[in-house]
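Quick note: numbers below take in every heavy atom, side chains included, and nothing from hydrogens, waters or symmetry partners.
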There are 2 protein chains.
Amino acid sequence: MDRRDVLADAAITVLARAGSRGLTHRAVDAAAGLAEGTSSYYFRTRSALLQACVERMAARTLEEMTTGTPAVTTVDQLVGACVATVGHWLAKDRERLLARWELALESTRRPELETALRAAGATIRERVADTLAALGIAEPRRRADDLVACLDGLAFDQLAGAGRPPRDDAGLRASIGDVVRGFTAS
Amino acid sequence: MDRRDVLADAAITVLARAGSRGLTHRAVDAAAGLAEGTSSYYFRTRSALLQACVERMAARTLEEMTTGTPAVTTVDQLVGACVATVGHWLAKDRERLLARWELALESTRRPELETALRAAGATIRERVADTLAALGIAEPRRRADDLVACLDGLAFDQLAGAGRPPRDDAGLRASIGDVVRGFTAS
DNA sequence: CACGCTCCTCTACGTCTGTAGTAGTTTGTA
DNA sequence: TACAAACTACTACAGACGTAGAGGAGCGTG
């Protein structure tokens, strides 16, 4: 794997575990198990490091999206797909989620990041919008944006929010069922 | 106003504008317009500064909650109340929202913060649960948690997320209408 | 008025961070 | 094989950061 990708992955891990404040060149070197100074050579500035994080994340998300996307033709299937996605986020992508939120907050202050982050988000939302449209739902574009935002909100609440009760699968299914119903009814 | 409160408010502003990384004693002093070293005297460690932020935020939220809470007796009124709340967040509480998310992410790594943050969140959620229960909705507790999480998700998407198209009031109402319907139907 | 106490400001210091640059090493080419 | 170019690892350094503590101003009490 390209050295840059290794470093970007390490940076994402650091971001998740230590937050924006902990994201330093040296911390990335340590996380990647590379010699001190390495990340500083590949990404001269901290801003470049952040940029690399969002690009790497976007690339990985896109990659995963193109691989396995089961067809969704009913609302129930949509609920299932959403539960599967969020469940996967919570179980296996914890770090990537935390890093993404960290970057999102950072993008508030860095227009370069915002652009890249927004482009990545748009791709996913389009995909969801297509699915909603295929189900014959009105305003698929807006509703796709909202649905993604709500699922993200539920995940945030679970991982970092004030709610955060360890929620079982059934609870997750009930919650997501409610949300999806709201966006698909009528 | 108590010096500590002034400093905590300044810290919240710094947190929102410069992120966790920018939250330093000196930055807080500058934001508060006080002599350098002041915040370092009142809150000796950075951790104490963060703690002060969440406590101050919790206090302010509680205060606002006890003042104006119009009665909600129909689902439509609930939608209206949610729209008003989120609208207010987006228009006037931008900084507090950003700071809260910053603290939430930080709480992932600091159990002391988590406790305080969770307690504040629980109060709000109870209030919402009571409202849902009064409307005769099943599982009010879970649904209150989910509703708050979703509204937060929508706000996040708007302020820091990947969606972030400048949304007008009608759009906001439509989105929140969908969400609330999902949690109140059946 | 003199004294002691509390509150606040300012300074000091060791550590860490961002970033530039130097030196060494590998790779490709003649 | 000899050389040049590119790549990589490491070092250096100015600046910022967290935190502790010294000093002084203000105020109430005897």
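- For the pair A:R181 and A:D178, the salt-bridge criterion is met [side-chain N within less than 4.0 Å of a carboxylate O].
- Remark: A:D130 CG to A:L135 CG distance equals 11.0 Å, nearest 0.5 Å.
- Qualifying side chain to side chain contact (heavy atoms under 4.5 Å, CB included) partners for B:V148, counting only residues two or more places apart in sequence or in other chains: B:R125, B:V128.
- Listed by first and then second residue, the side chain to side chain donor-acceptor pair (under 3.5 Å) pairs involving residues 40-49 of chain A are A:S47-A:E112 (not counting sequence neighbours).
- Within residues 36-49 of chain B, the residues having any heavy atom under 4.0 Å from DNA chain C are, by residue number, B:E36, B:G37, B:T38, B:Y41, B:Y42.
- Distance alone, capped at 3.5 Å, is enough to place a donor-acceptor pair between the B:R143 side chain and the B:A138 backbone.
- Atom SG of residue A:C53 and atom CG of residue A:L49 lie 5.5 Å apart, to the nearest 0.5 angstrom.
- Residue pairs meeting the side chain to side chain donor-acceptor pair (under 3.5 Å) criterion with at least one member in residues 28-38 of chain A, sequence neighbours excluded, are A:D29-A:S39.
- B:Q77 is linked by a side chain to side chain donor-acceptor pair (under 3.5 Å) to B:T73, counting only residues two or more places apart in sequence or in another chain.
- Looking at residues two or more places apart in sequence or on another chain, you find a side chain to side chain contact (heavy atoms under 4.5 Å, CB included) between A:L90 and A:V86, A:A155, A:Q158, A:L159, A:L172.
- Chain B approaches DNA chain C within less than 4.0 angstrom (heavy atoms of the protein), and the contacting nucleotides run 5' to 3' from C:dC8 to C:dG18.
- Within residues 20-27 of chain A, the residues that place at least one heavy atom under 4.0 Å from DNA chain C are, in residue-number order, A:L23, A:T24, A:H25, A:R26.
- Applying the side chain to side chain donor-acceptor pair (under 3.5 Å) criterion to B:T74, with sequence neighbours excluded, gives no partner residue.
- With sequence neighbours left out, B:R17 forms a side chain to side chain donor-acceptor pair (under 3.5 Å) with B:E95.
- Between chain B and DNA chain D, the heavy-atom contact criterion of under 4.0 Å yields a 5' to 3' nucleotide range of D:dC17 to D:dG21.
- Considering only residues two or more places apart in sequence or on other chains, A:D168 meets the side chain to side chain contact (heavy atoms under 4.5 Å, CB included) condition with A:A170.
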